[in-house]
Chemist: 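Structure provided below as structure tokens; questions to follow.
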2 protein chains.
Amino acid sequence: MDTQQAAGTSVLPADPGALTPAEARAAFRSGLAVPTAGWSRGFAQANLIIVPRDLAFDVLLFAQRNPKPCPVLGVLDAGETSGPLLAGGDIRTDVPRYTVYRDGQKVDEPTDIRQYWRDDLVTFIVGCSFTFESALREGGISIAHIDQNVNVPMYRTEVRCEPAGSMAGPLVVSMRPVPASQVADAVRITSRYPAVHGAPVHVGNPHELGIADLARPDFGDPVDMPEGHVPVFWACGVTPQAAVMESRPALAIGHAPGHMLITDARDSQYLVP
Amino acid sequence: MDTQQAAGTSVLPADPGALTPAEARAAFRSGLAVPTAGWSRGFAQANLIIVPRDLAFDVLLFAQRNPKPCPVLGVLDAGETSGPLLAGGDIRTDVPRYTVYRDGQKVDEPTDIRQYWRDDLVTFIVGCSFTFESALREGGISIAHIDQNVNVPMYRTEVRCEPAGSMAGPLVVSMRPVPASQVADAVRITSRYPAVHGAPVHVGNPHELGIADLARPDFGDPVDMPEGHVPVFWACGVTPQAAVMESRPALAIGHAPGHMLITDARDSQYLVP
């Protein structure tokens, strides 16, 4: 980190993939607000959902009942702002951009949530499919949103999650175009990462998921779908935020889609044999 | 089931392994109270921990932080007495024997908990290592406690679990003697069942776990340790009960060790590739 960034001028690093997680979090703490795909190569990125303590059981149970979209990597106790997944960090400042919901309505997308913080807030750190993207690339599968330098496209589906208490909502998916000849490889590689969404939930037919138009994602950006490529859909950690929008708690905070927490855990920690 | 059992005379079936889960649960509902190892071959057995709603987040978070001893297979909402893992069953009667704790002290070991039931009780159904015993036997590894027709030996260790809120306690393990030549097979086979405790937590040295004498288990029965066999230890679903004993909630209910809920889930559902 150079002193300019430390002072908050939010300069995009020359090679974000080479930053340590602590350096990346410092860049975001200083105000940089960009999607994180490709940042801190080899380290796991994560979704956030932060709720008051009285909703925490419902959220954790929702995650237990919907492990593909909501694989919980860690939980910070009520009021805690740091933990082993972000050593020396601060969950209120270290994510590039947040989404704040009041009564299920998005009311703010700040780069810092200190003004919203309360001592009864419980933070859930949820696995993210960015974690297996390095493995996909090592397997020879290119990642369109990284190559095109945009945010991953995400879609609200018509598939319903298992509800839990007050939490109910649709499955949200991320999509990556994969050449037909590499779909089996993409399934095989990602199925070895069950803690970060694992194998795809659907291959090939967006209409079956209730997605009308791939070119109009509900979150993130559209990507080109080259001839001979198949849309492959993975469960997405924005799912708990979609449930928050339905369940309308007085306050809930998530990351902004694609703008993840970069953790100190290595991608390889979530690889199963 | 013959009519005698249905009437509550608690006759031990000739071949408990051949019973369907519903038949096994009916036998226990009628009052039969025996350990369940070897019952309903091919179907997953489970540990229970039942707590008031105000402790439910701590228990679920304890499980999330200690997934090896506490793999959650299902959760019944507050007051619910049945669910998809025990279709048509009743969690208050269908386990052969329960353990009731008040303020952390064991106060009863009934075969039925209807007298203790409250509408705010939340039931956690937790994976059990009996689930992978069929796979071990198919792999040519004999199971001492089944062959010797006793309850599996379980031990409180000096290893501490990650605490969660009010829940803190020691890791409890089950032990199976395995011939030295088959230890690697036992590890390989059980590691494919992460949802039911998975790979062993320790192989070979009980003293390192703080177990003074294998012949004196804390729960269950001792088994013979033949020459050339190695004690292999797996995380055990009695662990949350040990935490309940420490955290002393006003009321908590578990199964009696070794006396499991027999679920409608097949063992194979918990097998990963």
Side-chain angles (χ1 to χ4, degrees), chain A residues 46 49 51-68 70-80 83-85 119-127 161-168 184 187-195 198-199 240 265 269-273, chain B residues 46 49 51-68 70-80 83-85 119-127 161-168 184 187-195 198-199 240 265 269-273:
Chain A
I49 184 79
V51 297
R53 175 66 174 77
D54 59 11
L55 190 65
F57 178 64
D58 288 355
V59 170
L60 190 53
L61 186 56
F62 185 81
Q64 194 277 331
R65 289 182 175 163
N66 299 281
K68 285 205 85 160
C70 311
V72 177
L73 305 183
V75 182
L76 305 185
D77 287 335
E80 277 189 357
L85 286 169
D119 283 345
D120 69 335
L121 291 180
V122 177
T123 299
F124 296 86
I125 299 172
V126 172
C161 290
E162 282 288 316
S166 63
M167 289 280 286
V187 173
R188 179 180 56 76
I189 291 167
T190 57
S191 68
R192 296 177 66 201
Y193 291 89
Q269 285 178 238
Y270 301 112
L271 175 65
V272 299
Chain B
I49 185 77
V51 297
R53 174 67 174 78
D54 60 9
L55 189 64
F57 178 65
D58 287 355
V59 169
L60 191 53
L61 186 56
F62 185 82
Q64 194 277 330
R65 289 181 176 164
N66 299 281
K68 286 206 85 159
C70 311
V72 176
L73 305 183
V75 182
L76 306 185
D77 287 335
E80 276 190 356
L85 287 169
D119 282 346
D120 69 334
L121 290 180
V122 177
T123 299
F124 297 86
I125 299 171
V126 172
C161 289
E162 281 289 315
S166 62
M167 290 280 286
V187 172
R188 180 180 55 77
I189 291 167
T190 58
S191 67
R192 296 178 65 201
Y193 290 89
Q269 285 178 238
Y270 300 112
L271 175 66
V272 299

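A note on names: the letters A, B, ... follow the listed sequences, proteins ahead of strands, and every chain is numbered from 1.
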Chemist: Between B/D77, B/V122, B/V59, which has the largest tally of heavy atom pairs under 4.5 Å with chain A?
Modeler: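 When all of B/D77, B/V122, B/V59 are compared, B/D77 has the most.
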Chemist: For B/V72, is there any backbone N or O sitting under 3.5 Å from a side-chain donor or acceptor partner on A/Q64?
Modeler: yes
Chemist: How long is the straight-line distance from CZ of B/F124 back to CG of A/L61, given to the nearest 0.5 Å?
Modeler: 7.5 Å
Chemist: Check each atom of B/L55 against the heavy atoms of chain A and say whether the ones under 4.5 Å are side chain, backbone, both or neither.
Modeler: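 Neither part.
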Chemist: Among all residues two or more places apart in sequence or in another chain, which pass the side-chain contact (heavy atoms from CB on, under 4.5 Å) test with B/R188?
Modeler: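 side-chain contact (heavy atoms from CB on, under 4.5 Å) list for B/R188, sorted by chain: B/D185.
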Chemist: Can you name the side chain to side chain donor-acceptor pair (under 3.5 Å) partners of A/D58, sequence neighbours left out?
Modeler: A/S166
